[in-house]
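What follows is a short report on a single structure.
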Amino acid sequence: MNIAVIFAGGVGSRMHSKERPKQFLEMYNKPIIIHTLEHFQDHSLIDAIVVVCIESWIPYLNDLLYKFRIEKVKKVVSGGETGQLSIYNGLIAAKEIAGHEKTVVLIHDGVRPLITDKLITDNIESVLHYGSAITTAKVKEKDSSIDYVPSRNNSRVAKAPQSFWLDDIISTHEKALAKGEKNWIDSCTMMQEYGFKMHLIDGPSQNIKITTPEDFYT
């Protein structure tokens with residue numbers, strides 16, 4: 001089974017949107033989150049979707065899911081006090097869907113609507129072969145260090161999806177929580193710290209995260 005966990009729990013303070021969180025801003029007559037979800041809805045290898053959402057916006061999201069016929073979303077859960085805890089909530093919901101079936105989970109940002117079908121497929125295949133998939137992109141800007149400027153050909157920036165065997169990442173989350181760790185910056189950093197090898201996949205450069213008004217314009 002392959003399950004996508006889509007994180008849409010942020011408030012988007014850097015977007016300066018006062019009326020609604022950035023994931024619900026409209027682009028070509030659809031909210032950003034719907035553009036993102038449609039890629040997973042339409043992909044033949046995705047069996048189910050979990051969305052992690054701001055609790056007060058869950059009814060609105062449910063209305064959107066019905067309106068745009070996003071039928072693979074099986075659970076919508078509320079976020080936690082940190083990004084790490086929000087993802088954990090989504091993973092637990094994914095486990096409830098998967099049961100005892102061996103499952104690949106793809107963790108993706110709701111505000112990365114320019115993901116491609118190929119990138120979803122590559123993530124799934126990478127987990128099947130290597131146990132993990134970290135979507136990356138080549139670094140374009142020069143490093144600002146005056147002591148050493150690394151080659152951009154050998155540098156990557158981590159993006160999403162970040163994909164793993166579901167049981168592996170849940171157990172790692174639980175180990176981190178047992179130590180009182182609640183603020184890991186992303187899943188791949190946490191998994192690597194706990195001994196898992198990360199396999200990199202170069203994705204398309206347009207797979208940006210919409211964080212600022214400039215991103216939205218792009």
Side-chain angles (χ1 to χ4, degrees), residues 1-10 22-23 32-53 70 72-77 79 83-95 97-98 102-139 156-170 172-173 184-194 196-211 215:
M1 177 175 279
N2 303 308
I3 300 178
V5 172
I6 309 300
F7 177 62
K22 61 186 177 182
Q23 55 268 32
I32 293 171
I33 183 65
I34 295 299
H35 284 285
T36 302
L37 289 171
E38 283 180 336
H39 287 289
F40 294 91
Q41 167 72 25
D42 296 338
H43 199 288
S44 62
L45 296 180
I46 296 297
D47 300 298
I49 304 169
V50 173
V51 183
V52 182
C53 185
I70 310 297
K72 286 186 181 178
V73 173
K74 304 304 180 184
K75 287 182 179 290
V76 177
V77 298
Q84 176 190 329
L85 294 177
S86 294
I87 294 300
Y88 180 67
N89 289 351
L91 294 172
I92 293 302
K95 182 63 177 176
I97 296 169
K102 193 169 179 62
T103 298
V104 173
V105 61
L106 299 85
I107 301 169
H108 191 64
D109 300 308
V111 289
R112 285 190 193 270
L114 300 179
I115 187 175
T116 64
D117 289 351
K118 181 179 184 302
L119 187 54
I120 293 173
T121 300
D122 288 349
N123 266 255
I124 293 170
E125 291 182 349
S126 179
V127 175
L128 295 177
H129 286 93
Y130 304 106
S132 66
I134 309 305
T135 302
T136 60
K138 292 182 179 180
V139 174
R156 297 292 186 275
V157 59
K159 294 196 173 189
Q162 297 183 2
S163 307
F164 312 92
W165 289 115
L166 179 58
D167 287 343
D168 286 347
I169 191 166
I170 286 180
T172 302
H173 268 270
W184 281 102
I185 189 169
D186 64 6
S187 297
C188 69
T189 305
M190 181 175 67
M191 291 290 279
Q192 186 173 40
E193 178 67 22
Y194 279 84
F196 289 88
K197 292 184 178 180
M198 301 294 101
H199 184 75
L200 307 184
I201 297 174
D202 273 341
S205 60
Q206 69 265 27
N207 181 30
I208 65 171
K209 183 177 181 181
I210 299 178
T211 303
D215 299 329

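Counting from 1, the numbers follow the sequence of the chain as shown. Side-chain atoms are counted along with the backbone in the values below, which use heavy atoms only and exclude waters and symmetry mates.
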Report the residues that fulfil ring-ring contact (aromatic ring centres under 6.0 Å, His included) with [X], sequence neighbours left out, ordered by chain and then residue number.
{"X": "F196", "value": "none"}
{"X": "F40", "value": "H108"}
{"X": "H35", "value": "none"}

Could you go step by step and tell me if M191 and I169 meet the side chain to side chain contact (heavy atoms under 4.5 Å, CB included) rule? CA-CA 7 Å; M191 291 290 279; I169 191 166; 3.9 Å; yes

Identify, with sequence neighbours excluded, every residue that meets salt bridge (Lys or Arg N to Asp or Glu O under 4.0 Å) alongside [X].
{"X": "K75", "value": "E96"}
{"X": "D167", "value": "K95"}
{"X": "E38", "value": "K30"}

Please check if any side-chain donor atom of T121 sits under 3.5 Å from a side-chain acceptor atom of H43, or the reverse.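 The criterion, which ignores hydrogens and geometry beyond distance, is satisfied for H43 and T121.
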
Sequence-distant partners of [X], side-chain hydrogen bond (donor to acceptor under 3.5 Å, both in side chains), two or more places apart:
{"X": "Q206", "value": "none"}
{"X": "T135", "value": "N123"}
{"X": "H39", "value": "none"}

Testing the basics here: between L37 and I6, what is the closest heavy-atom pair and its distance to 0.1 Å?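 Closest approach of L37 to I6: CD2-CG1, 3.8 Å.
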
Locate the shortest heavy-atom distance separating A94 from V5; write the atom from each residue and the value.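 Shortest heavy-atom separation between A94 and V5 comes out as CB-CG2, 4.1 Å.
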
Side-chain contact, heavy-atom cut-off 4.5 Å: [X] with [Y]?
{"X": "K209", "Y": "K159", "value": "no"}
{"X": "V73", "Y": "Q41", "value": "no"}
{"X": "V52", "Y": "I87", "value": "no"}

Check for a donor-acceptor pair, side chain of [X] on one end and backbone N or O of [Y] on the other, with a separation under 3.5 Å.
{"X": "T36", "Y": "G110", "answer": "yes"}
{"X": "Q23", "Y": "I33", "answer": "no"}
{"X": "K22", "Y": "V111", "answer": "no"}
{"X": "S205", "Y": "A137", "answer": "no"}

Could I get the full list of side-chain contact (heavy atoms from CB on, under 4.5 Å) partners for L128, not counting sequence neighbours?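 Checked L128 against side-chain contact (heavy atoms from CB on, under 4.5 Å); matches are V104, I124, W165.
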
If the condition is side-chain contact (heavy atoms from CB on, under 4.5 Å), which residues does Y130 pass it with, not counting sequence neighbours?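 Scan of Y130 (side-chain contact (heavy atoms from CB on, under 4.5 Å), adjacent residues dropped) gives S126, H199.
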
Output side-chain donor-acceptor pairs under 3.5 Å for residues 113-120, partner residues at least two apart or in another chain, one line each.
from : atom 1 : to   : atom 2 : distance (Å)
T116 : OG1    : L119 : N      : 3.1
K118 : NZ     : D122 : OD2    : 2.7

Just to verify, which of I3, V127, I97 counts as forming a side-chain contact (heavy atoms from CB on, under 4.5 Å) with T103?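 So the option named by the test is I3.
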
Roughly how far apart are M1 CE and L45 CG, rounded to 0.5 Å?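 Here the interatomic distance stands at 13.0 Å.
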
